[in-house]
Amino acid sequence: MNQRAKVLVSRRIPQPAIDMLAARLEVEVSEHDRPLTPEELRSRLAGKQGLVCLLQDKINEQLLSAVPELKVASNVAVGYDNMDLAAATRRGVLLTNTPEVLTDTTADFAFALLLAAARRVAEADRFVRAGRFTEWKIDLLLGQDVHHATLGIFGMGRIGRALARRGGGFDMRLLYHDATRQPAEVERELRLEYVSKETLLGESDFISLHVPLLPATRHLIGAAELAMMKRTAILVNTARGPVVDEQALVDALKAGGIAAAGLDVFEFEPRVHPELMQLDNVVLAPHIASASVATRRRMAMLAAENCIAALTGRIPPNLLNPRVLEKKRL
Ligand code: DGY
């Protein structure tokens, strides 16, 4: 394109990414410290070819049909359940995400939640702040050992494998379940045992979720699955809230069906189930698994790079729907 393409950034992202976009494109950044409403997104996208968006922005048929000039929507996230891939492909809009750059940071946080829930870190913090630490006691805030325990991982993609490495460092037995099995050399290297869903649920002391949100993974963990877990089991979710049936989880946590949970994501985010707030055996976080300074910056830079590539005639490094380009070549 000779003229500089126009791009909307739907919410403020780290400045180096905005500078990078501005060096090649005409950039408008939303001034609001909140997601744009669908109407705002639609009207501000009029006449623009690019969008750098966040996971609250719904890139669906309704939006795409209203903004025919749009050529690319670049998500600042690895997950892209906010985007309708089929609709975008039909309409020739490129979609991109930000894999790789957040893998280790997210796995660190999943392990942090696992440790916090097992060793009751948040509860202990509340205990001390409440002025209740009056003496050392042999049975004060007893938790569960992580080392040498069994870790079950649902979803053995990049983040699942990074979590497995951390579990290996704690001498854990590592079970996993996924739609596809890892190559034998990966299983060997990481000491992974591929098991059925039922075995994973029944034998794991800790269960961590690393699947994308798809129709097939919605409520992957519901009442039936929770009932198969050990009563001492701890569930960690840094994937997407709707992967877990939150009401069933609350019921299991209240009834002692499982011991505890560490949650970074929620079924009706940002709303958190009110009963989760009341439970001491849950560690809650506001969707921050990838939130390190360096990683959030890398995610924004990668999203900028994807957007620039798409609007300057190159193939974006993290293109989700290459079919759009194939169709153009036909
Ligand atoms: C993602 O990247 O999908 C996260 O949920 C936000 O970091």
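Atoms within a ligand are numbered from 1 in the order they appear, just like the ligands themselves. Keep in mind the model is a prediction, meaning the values are calculated, not measured.
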Element-labelled atoms of ligand 1 that are located less than 4.0 Å from some non-hydrogen atom of G79
1 (C), 2 (O), 3 (O)
For L163, the option from D104, L151, T238 that meets side chain to side chain contact (heavy atoms under 4.5 Å, CB included):
L151
Note the single closest protein heavy atom to atom 2 (O) of ligand 1, along with its residue, its atom name and the distance in Å.
V78 N, 2.7 Å
Atoms in ligand 1 with a heavy atom of A77 nearer than 4.0 Å
1 (C), 2 (O), 3 (O)
Less than 3.5 Å apart, any donor N or O on the side chain of E269 or H287 sitting next to an acceptor on the other?
yes
Which atoms of ligand 1 have any heavy atom of S290 under 4.0 Å away?
6 (C), 7 (O)
Out of all atoms in ligand 1, which are within 4.0 Å of some heavy atom of L102? Include the element for each.
2 (O)
Is the shortest side-chain heavy-atom distance between D178 and F154 below 4.5 Å?
no
Relative to the heavy atoms of M299, which atoms of ligand 1 are at a distance of less than 4.0 Å?
2 (O), 7 (O)
Listed partners of A303 passing side chain to side chain contact (heavy atoms under 4.5 Å, CB included), at least two apart
V52, S74, V76, T98
Under 3.5 Å, is there a donor-acceptor pair between the T96 and N318 side chains?
no
Ligand 1 to R240, heavy atom cutoff 4.0 Å, flagged ligand atoms 1 (C), 3 (O), 4 (C), 5 (O)
Give the atom numbers and elements of ligand 1 that come within less than 4.0 Å of a heavy atom of L55.
5 (O), 6 (C)
Does the pair H147 and M172 meet the rule for a side chain to side chain contact (heavy atoms under 4.5 Å, CB included), with working shown?
CA-CA 6 Å; H147 65 86; M172 298 178 93; over 6 Å; no
Can you pull out the closest protein heavy atom to atom 4 (C) of ligand 1? Residue, atom name and distance to 0.1 Å, please.
H287 NE2, 3.7 Å
Do L45 and L70 have side chains that approach each other closer than 4.5 Å (heavy atoms only, starting at C-beta)?
yes
